[in-house]
Amino acid sequence: MTNSIGSQVYIVYLGINQFHDPILTSKFHIQVLSDVFASEEDAKRSILYSYSNSFSGFSAKLNSSQATILARMDKVVSVFRSKTLKLHTTRSWDFLGLTLDETRVTPMEFTNGQDVVVGIFDTGVWPESESFQEKPGMRPIPSSWKGVCVEGEKFEPAKACNRKLIGARYYLKGFEQEYGPLNMSGNPEYRSARDFLGHGTHTASTAAGSIVKNASFFGIGQGTARGGAPWARVAVYKICWGINGVGSCTEADIVAAFDDALHDGVHVISASFGATPPLSPFFASSADIGSFHAMQLGITVVFSAGNDGPEPSLVQNVAPWSLCVAASTIDRSFPTEIVLDRNFTIMGQSIISKEIKGRLADAITYFVDGVCSLGNWNKKLATGRVVLCFYTPGLVYEIAQVAVKTAKGLGLIFAEPFTKPIPDVDDDIPTLHVDINQGTIIGNYLAESLKLPVVQISPSKTIIGKSPAPTVVYFSSRGPSSISPDILKPDITAPGINILAAWPPQTPPTLQPSDGRLVRWNFQSGTSMSCPHVTGVGALLKSVHPGWSPAATRSAIMTTAYTRDASHDSILAGGSMAGSTPFDMGAGHINPLKAMDPGLIYDMKTSDYILFLCNMGYTQERIERIVLPSPGVDTNCKNMHGPNANINYPSISVPNLRSPITIKRTVRNVGCGKKTTVYFGVAKEPDGVEVVIWPRVLIFSPSKQEISYYITLKPLKKSEGRYDFGEIVWSDGFHHVRSPVVVLVNNSDDFTM
């Protein structure tokens, strides 16, 4: 069979590596591929990557008929089209309690981490940044490290890499098959691990950047910048490339990066990318395949939840063997003074570095019906005008920015519900965010003025500790999972708004060609920014507890999270006026110091995920191909019983409670093991659900460090389509081990008291 003109890049996933030899594995891939080509030479020309280091598979240009034939082969786990995923585009560590204050120094942040390698899957790195320079006292690179720094355009390994930045690879084959040669993509880019878009430099420095004093964006947000694990080593895997300023990452390249990274010896992986639902099956997803094999090797993988909120069920990266991170605010604000006619003052939020003077104008002068969008522009120029625009459903401030900039406006005041305003780096078209009430006051002042008021906008200030925080940001993707609602996602929330981190100095902070500014530090927002915060904490946990599994790390992070803000009130859900639920924030907001000593953990081995795979419809034959062989591992689904709620996850989610069910959980004491420790269990019941824990008391001793308990959930109401929330907390008086409980009672057809 020959390859037709309609060929596309497919990934053929074969599971675990049966040969344990990359050369033999690659030859086997050619052999498999030759079955759908006229000759072995045609097969070799078709192949992009042979994944042969950490698992087995390949990506190749195939037509749909060839893909279908391969998918029917017994030796093949799955065949799927290589899609393009998108990126989910400092004070934050102080807010998390990892402080640089000499009087309350946190020793583990500065004494741990040198033995941990953090892998960053992103847009590359700017190696000259101070965040990636080795500091005096850094030990030699760990002997377990097998990775390399790959030479490329403006990237010389001898100069770029050191004891801090110890690995750098780049992957282009999938991207160029999809979009053509890199230099034709319409973006300045480097054919190397060097970063142009800035996203990768930013996330890498957030997770594990070295300590750098006096970091700021033109004096805004000034302080000491560093990653969560500033002594950890960094290895970058450039899988995302710019198309018109947007990072695009093909799955063929992503799988290649996982194949290398797991073999190189990374300990934690940070991956801030994904695809909006509908979600692919778990083993037709590059992220889920890569992270499953990472989990089997003891490597924690942290993903961003996505930026599609606040509507429910749009959360991404929901596999139970990885961590999924939502985004929330920190207690730093950027008040910006607006003065009208020198006698009327109102405060907005912005990140602007220079004073603006002009005339205030109403949007209706330049846009039909006053809706600030390009389609409504009446072609009048707004030269010298600061335009007042109001939010309408579907009109986000970025649309208004483009419209006002095109109309040659001087600046934008954008009035929106107070649950939404988020200042951004807006000097390219200076933008002030005010709430609807403030916008109405400004609008009324404008309407009553005989001539256009003079408006003066001062440079932004930085204020710490005066705003309620954290708040889950409105755009953070929400649960429940659309493919496996019985596993709560997201798992956790972390800072993701206006995070100041390293930036390539030759890339404009707004990525706009007209922006001539050069900076070494930049503000970015998104779950892309919250993800590396959790990665940094994961690196610290790996250093402090090197024997912990990825599940133990996830458990420690989730069960120690907090659900109250700095004022001890419930954490708000951005985009609404209500408190957050587990669908907004998972188990709560990350608390790194508590996570170091969680008391109890809910651990899971590879074998514990087999129940989940069976319930998702995978056969024993297919499971045997993806699970590393190990004594005592049973892959027979006939021996697996119970719903996914029985998986030993740190949260409990029951999306279809019709009658009483009993769920099992097992906890291990990782606190003081030399004496008897007693934990007492308390349940906060979801509305209309009775929760019974048995036993209510867990007694751990040096000879008994692992105990199982049972939770019975009984519906007490007639309901349909409504989720209710509760929690279970185990405490020994010092540790408080908390698990969120999410229940949908669904019994309106058969309810009887």
Side-chain angles (χ1 to χ4, degrees), residues 86-98 118 120-122 199-200 202-209 225-229 247 268-274 287 300-310 314-318 322-332 422 424 469-479 489-501 522-541 553-554 557-558 561-563 565 571-575 580 582-592 595:
K86 300 296 183 182
L87 293 171
H88 293 144
T89 287
T90 220
R91 163 68 187 160
S92 53
W93 289 109
D94 288 323
F95 179 68
L96 291 178
L98 298 180
V118 178
I120 306 293
F121 285 25
D122 216 296
H199 193 278
H202 197 281
T203 56
S205 65
T206 300
R226 83 280 194 187
V268 187
I269 292 173
S270 187
S272 296
F273 54 76
T300 297
V301 183
V302 184
F303 288 107
S304 45
N307 299 340
D308 296 324
L314 294 179
V315 63
Q316 306 170 26
N317 297 314
V318 298
S322 58
L323 262 161
C324 173
V325 187
S328 44
T329 63
I330 61 174
D331 62 344
R332 179 175 61 191
I422 297 170
D424 207 343
T471 294
V472 178
V473 69
Y474 74 92
F475 61 67
S476 184
S477 292
R478 265 58 169 186
K489 294 289 174 172
D491 292 305
I492 197 78
T493 190
I497 302 303
N498 289 318
I499 303 303
L500 185 69
N522 195 16
F523 287 105
Q524 293 274 280
S525 295
T527 54
S528 275
M529 282 63 247
S530 57
C531 173
H533 278 89
V534 176
T535 305
V537 175
L540 288 178
L541 283 168
T553 297
R554 178 180 58 221
I557 288 171
M558 290 176 65
Y562 58 86
T563 58
D565 66 17
I571 293 175
L572 287 173
S580 293
F583 289 149
D584 305 313
M585 61 179 177
H589 194 280
I590 193 168
N591 187 337

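Everything quoted here is computed from the prediction, not taken from an experiment.
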Apply side chain to side chain contact (heavy atoms under 4.5 Å, CB included) to Val472 and Ser580, showing your working. CA-CA 7 Å; Val472 178; Ser580 293; 3.4 Å; yes
Return the minimal non-hydrogen interatomic distance between [X] and [Y], and the atom names on each side.
| X | Y | answer |
| --- | --- | --- |
| Ala326 | Pro490 | CB-CG, 3.9 Å |
| Lys489 | Cys324 | CD-CB, 3.8 Å |
| Asn317 | Ala287 | OD1-CB, 4.1 Å |
| Ser272 | Pro532 | OG-CD, 4.0 Å |
| His533 | Ala494 | CB-CB, 4.1 Å |
| Arg332 | Ile499 | NH2-CA, 4.3 Å |

Look up atom [atom1] in [X] and atom [atom2] in [Y], then write down how far apart they are to the nearest 0.5 Å.
| X | Y | atom1 | atom2 | result |
| --- | --- | --- | --- | --- |
| Met585 | Ser476 | CE | OG | 12.0 Å |
| Phe303 | Thr535 | CZ | OG1 | 10.0 Å |
| Ser205 | Arg226 | OG | CZ | 12.0 Å |
| Met529 | Thr203 | CE | OG1 | 6.0 Å |

Answer whether the closest heavy-atom distance between the side chains of [X] and [Y] falls below 4.5 Å.
| X | Y | result |
| --- | --- | --- |
| Ile269 | Phe121 | yes |
| Pro470 | Tyr562 | yes |
| Thr527 | Ser477 | no |
| Asn591 | His589 | no |
| Val534 | Ile557 | yes |

I would like to know whether Asp565 and Thr471 meet side chain to side chain contact (heavy atoms under 4.5 Å, CB included); could you show each step before the answer? CA-CA 8 Å; Asp565 66 17; Thr471 294; 5.9 Å; no
Begin from the C-alpha positions of Thr300 and Leu323 and carry the test side chain to side chain contact (heavy atoms under 4.5 Å, CB included) through to its verdict. CA-CA 8 Å; Thr300 297; Leu323 262 161; 4.3 Å; yes
Before giving the answer on side chain to side chain contact (heavy atoms under 4.5 Å, CB included), spell out for Ile330 and Ile497 the whole-Å C-alpha distance, their side-chain angles and the decisive distance to 0.1 Å. CA-CA 7 Å; Ile330 61 174; Ile497 302 303; over 6 Å; no
Checking side-chain polar atoms at under 3.5 Å, does Asn307 have a donor or acceptor matched by the opposite partner on His88?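 No, no side-chain donor-acceptor pair sits under 3.5 Å.
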Could you tell me whether the side chains of Ser528 and His199 share a donor-acceptor contact shorter than 3.5 Å?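 There is such a pair between these side chains.
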Under the criterion side-chain hydrogen bond (donor to acceptor under 3.5 Å, both in side chains), I'd like the reasoning laid out for Thr493 against Ser328: C-alpha separation, chi angles, the key distance, then a yes or no. CA-CA 6 Å; Thr493 190; Ser328 44; 3.1 Å; yes
Just do the side-chain hydrogen bond (donor to acceptor under 3.5 Å, both in side chains) check on Asn498 and Gln524 with the steps written out, would you? CA-CA 5 Å; Asn498 289 318; Gln524 293 274 280; over 6 Å; no
